[in-house]
Structure formats: structure tokens, C-alpha cells
Amino acid sequence: MKYVLLTLIILIGYFFGFYLELPPIALMTLYVVMVALPLVYYFLKRNLLNALLIWFFLVIFKEMGRIHVPMFPDLSPERIVWLFIFGIFLLQVTFRERKLVGGITSIEFMMFFFCIYVLFSMAIADTIYIEGHGLFLSGFLTGYVIPFSIFVLSKNIVDSEEAMKKVFVFFSVIGVYLGLTGVFEYFNIRALVFPKYIMNPFIGVHAHFGRARGPFLNASVNAIVLAQALFMSFYLYMQRYEKWSKLLLVAMMIMMVGFFLTFNRSSWLAMVIAGMLITIAFRQTKRIIVLFIIMGTLIISVNQLGNLGTSRITAGERLSDVNTIYIRLNMYNTALNMFLDNPIFGVGYHKYKEASIPYFEPVKGLPDRGEGLILHNTMFLIIVELGLAGFIMFIFIYAQILKASIKLYRYLPAVGFLSKGFVVIFWAMSLFLLIRVQTSNITLLMFPISIYFLMAGIIVGMEKRISFGENVFASQ
């Protein structure tokens, strides 16, 4: 109850600051005060998980109260809170108030070396400081440093089934909010959309306006987060909590509608493939899968027929739009040419857009589109900018996480919340994300990537605890 009340206090602070249209400095001061009070309480109680969930809450609304600081990355509430949380964690470890679970693993070592490598790449490519912009570290922070730090935190602080359930419930609630907001946004019910900036077509990804962009102002990011929340809600539903099962089913339906209204084709495809994995693993899920297939068919039909003669986007229009496909194919061809010319160390971090112009060569038979655009493929982007050296380090991190998850799967029982099914849900989320990053830039996906590393940290931490003989099944 205290956690709910403190979260409401933060939300009230956001409403207050937004509707009074306070200047940036006043907003920042208000947010820091509103956030600092519950955080101090949680730190005194030594409950960093609650503080971390507050951080995730703040990231959703990071567009509110952002301050541009000359020569430095933008300052915002979630960055201040992140520094505060991670700083407290490091102090606890330094003064031996908290012991690192499993010590510093090979995953954390590689994360550290990868970040150092990226900084060196930026220095050599001369992209640390950009004239007229200042220090260009935002992409580096949001794509790598912050998500990696979330892994370290969750590995060490999510230490029981109770804590894991809290994480799943939290993101299920977030998923319902995003689903409802997507519906209100798509049907232009402005009075029910919060924050109000969501309905501003001139901020965020302009091309996504008219789809469910959510508070991220990006339909692609919104789709990934809704899918992650849907996976977590589904797992809670599969635990057969009689008291909450109907509510969870309704929640999942709301998320499904919001997910559809993002009109993100690669997310739709990823959901189908990840859904196959879940269907195979959870044999008793056939009824609910059939229910969602029927529901999906109805949503598409209503969307197509109900929007005839209107300006609203339909599934048919999105599925028939090949322009972005042409652009991506041309960019992939350009990326391949760049890699062949700079295979070991790449062209340098954040250099693709500038360096790609001389290499641009449209695929034969396709329109001449995509020149000078940001590459929308994380794997290609890393191998082009950081070369094989950076790509191998990057893949090593994910491979080691997968290895730990396989070990944990073998340790766990077949039933219960912390069971083999928990790992399967993580695999489904990982598979979904693997497909999605083929059409997205990882530095633009801080929220969903952080959720992935939150889950990965839980997986690795639990694997270490069980291998050391700790009892993680009893709530602590």
C-alpha cells in the first residue's frame, strides 16, 4: 500500500507540473523533490527494487521536464534518479553492505570492456564532441551504459519469488496503461490521453502519428514494451491465481488491442513467432492462444471495415506499404559495402549516417531511397560502426546470458512461479527482441532494452544463487 501511495504522489506531481506549465528548472526541482522523498524512504529500508521500478516509471514520461544542458547530455528526472540508484548500489558494494551475487561475472566484464571499446571508437571517429551539439553521449548511455547497469542491479537485488512477482505485476499495470492510451490516441479521444504531448504531431516520430505511439512518441518502442508486458501478464495468468485470472485476461486483451494499434509489422511478426514458442512450451495454453487468434482476426476486420472512408490508418494500408522495406533493403546493401571496406574496427561509433553516403548503392530493381538515413538494424549498425571486434563482444554478452538461462532451466522445477516456464517466458521475450532489433536502432530502445536486461539480470542472478545452494523459492 505504501508503494502504491508513493507512486500516486509522483503521478500527482507530474500532473501538477504539466498543467501549470512550469518552466524547465522549476519542473526539474519539483520532480526531484517528488521523487526524492519516496526514494529516500526506500533506500532507508534498503529496498532498491522499488526504487528501480520508480525509475522505470519515470522513463515512460522522460519527455516531461527534460532540460538541455550545453556541452553535456540532456538532464532529466530519470537520469538523475538512475545516477542516484546506481551510486547508492556502488556505495553499498564498496562498504560491503551488499555482496555481489556470483562476483563479477564474464558478462559484466564484457559489458565493461564493450563500453570502453565504444568510447575509444568515439574518440578515434571524433564523435564524442559534435560541433553545435556538445558531448554526444546520449545514444551511448541509453543504448548500452544504462541497460547494462540495470542488469547489474537486477542480478543483485531481485532475490526472491516475491520480488519477481512484483516486477511482473508492475509491468502488467504499465501494459494496461499503454494499451488504453493507444486506444484513446488512435481514436483521438484527447481528454483521456495522458500525457497531452502524445497528441502533438510535431514531436517524437512524426511518421508514426496516427498510430499508438504512447508516451514514448514512437510506435515501434510502444509495440515492444506492450509485447513484453503481455508476456509477463500471460505468465501471471498461467499461475492460476483464481482471484486475479479474469482481471489478467481482460488486461491482456487491452494490451493486445494497443499492440495492434501500433501498426508495427515487424512486431506483429515477432509476436507470432514468439507465440509459437510459448504454445509449444505451455501445452495447456491452446485455448487462450485460440482466443487471441480469434480476437486478433476480429480486431483486424473491425479496423478495416470501421475505418473505411476515414483518415485513420488501417492494417491493410500498413501491410501494403513497401516504401520502408525498400529503404531498409537499400540501407542493408550500403551497410554490407561499408563493412567489407572496414571489417575489423568499423567506421566508428555514430559514423554510419555520415560515412554511408559514398557507399550508398540501391539494390538493383528497387527505388533510389534510404541515402543518408540512420540504419534501422542493430546488428548491421554494430558490425558497421564497431567492426567485428565490437560485434563479437556484443554477441558474447547475449550468448552468456542465454547460456545462464539454459543452466537455470535445468535447475528449476516444472511447476511454481520460479519454474521452467519462467525461463521460457524470458526466451520468448528474447526471441521477440532479437527479431525486432533487425529493424530498429538499439540506442532508441532504452526502455524495452532495459526491461530485457532487468529480466536477464534476474535469470543470471537466480542461476548463481541456486548453483551456490541458496533458497530462492521461499519468499523473503
Side-chain angles (χ1 to χ4, degrees), residues 3 6-18 22 24-43 47-69 72-90 135-154 157 167 170-171 173-175 177-178 181 194-195 197-198 203-204 213-218 221-222 224-225 228-229 442-455 457:
Y3 174 66
L6 290 167
T7 303
L8 286 174
I9 290 172
I10 296 171
L11 190 58
I12 290 168
Y14 272 114
F15 272 109
F16 180 71
F18 180 77
L22 298 176
I25 295 295
L27 273 173
M28 183 61 68
T29 304
L30 173 67
Y31 295 161
V32 169
V33 170
M34 298 302 293
V35 171
L37 292 175
L39 282 176
V40 168
Y41 170 82
Y42 288 131
F43 288 142
N47 194 333
L48 282 177
L49 175 58
N50 288 338
L52 184 59
L53 294 180
I54 287 177
W55 176 81
F56 272 103
F57 177 82
L58 291 173
V59 175
I60 297 173
F61 306 107
K62 66 186 179 69
E63 297 301 326
M64 299 175 69
R66 183 173 294 279
I67 297 177
H68 178 65
V69 182
F72 290 96
D74 288 349
L75 193 62
S76 53
E78 90 281 353
R79 289 186 178 176
I80 294 172
V81 173
W82 168 70
L83 285 170
F84 192 32
I85 294 172
F86 201 66
I88 292 292
F89 172 78
L90 291 177
L135 284 175
F136 195 81
L137 295 175
S138 289
F140 174 57
L141 288 172
T142 58
Y144 305 117
V145 175
I146 293 177
F148 289 169
S149 71
I150 299 302
F151 171 87
V152 175
L153 286 168
S154 67
I157 67 178
V167 170
F170 173 83
F171 284 108
V173 173
I174 295 300
Y177 158 71
L178 294 176
T181 300
F194 176 81
Y197 65 70
I198 293 174
I203 59 175
R213 301 188 305 168
F216 310 106
L217 303 176
N218 184 318
V221 174
N222 203 27
I224 301 173
V225 177
Q228 291 171 321
I442 196 172
T443 60
L444 304 175
L445 305 177
M446 184 180 75
F447 195 89
I449 292 295
S450 294
I451 293 176
Y452 168 81
F453 278 109
L454 173 73
M455 285 291 292

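When all heavy atoms of Val225 and Pro448 are compared, the pair lying nearest together is CG2-CD, 4.0 Å. What you find for Pro195 and Pro215 is that their closest heavy atoms are CD-CB, 4.2 Å. Contact detail for Trp55 and Glu78: the closest heavy-atom pair is NE1-O, 2.9 Å. Closest heavy-atom contact between Gly457 and Ser154: CA-OG, 3.1 Å.
To the nearest 0.5 angstrom, Phe89 atom CZ is 15.0 Å from Phe84 atom CZ. Taking CG from Leu445 and CD1 from Ile224, the interatomic distance works out to 4.5 Å, rounded to the nearest 0.5 Å. Leu153 CG to Phe148 CZ: the interatomic distance, rounded to the nearest 0.5 Å, is 14.0 Å.
In this view, Phe171 and Phe56 satisfy the ring-ring contact (aromatic ring centres under 6.0 Å, His included) rule, not counting sequence neighbours. Applying the side chain to side chain donor-acceptor pair (under 3.5 Å) rule to Ser149 yields the partners Trp82; only residues at least two apart in sequence or on another chain are considered. Residues passing the side chain to side chain contact (heavy atoms under 4.5 Å, CB included) test with Ile203, sequence neighbours excluded: Tyr197, Asn200, Leu217. The side chain to side chain contact (heavy atoms under 4.5 Å, CB included) search around Leu49 returns Asn47, Leu53, Ile157, Val158, Ala163, Lys166, Val167, not counting sequence neighbours. The side chain to side chain contact (heavy atoms under 4.5 Å, CB included) search around Pro147 returns Ile449, Ser450, Phe453, not counting sequence neighbours.
The side-chain contact (heavy atoms from CB on, under 4.5 Å) test with Ile150 is passed by exactly one of Ile85, Val145, Leu52: Leu52.
Arg213 places a side-chain N or O within 3.5 Å of a backbone atom of Ile198 that can act as its donor or acceptor partner.
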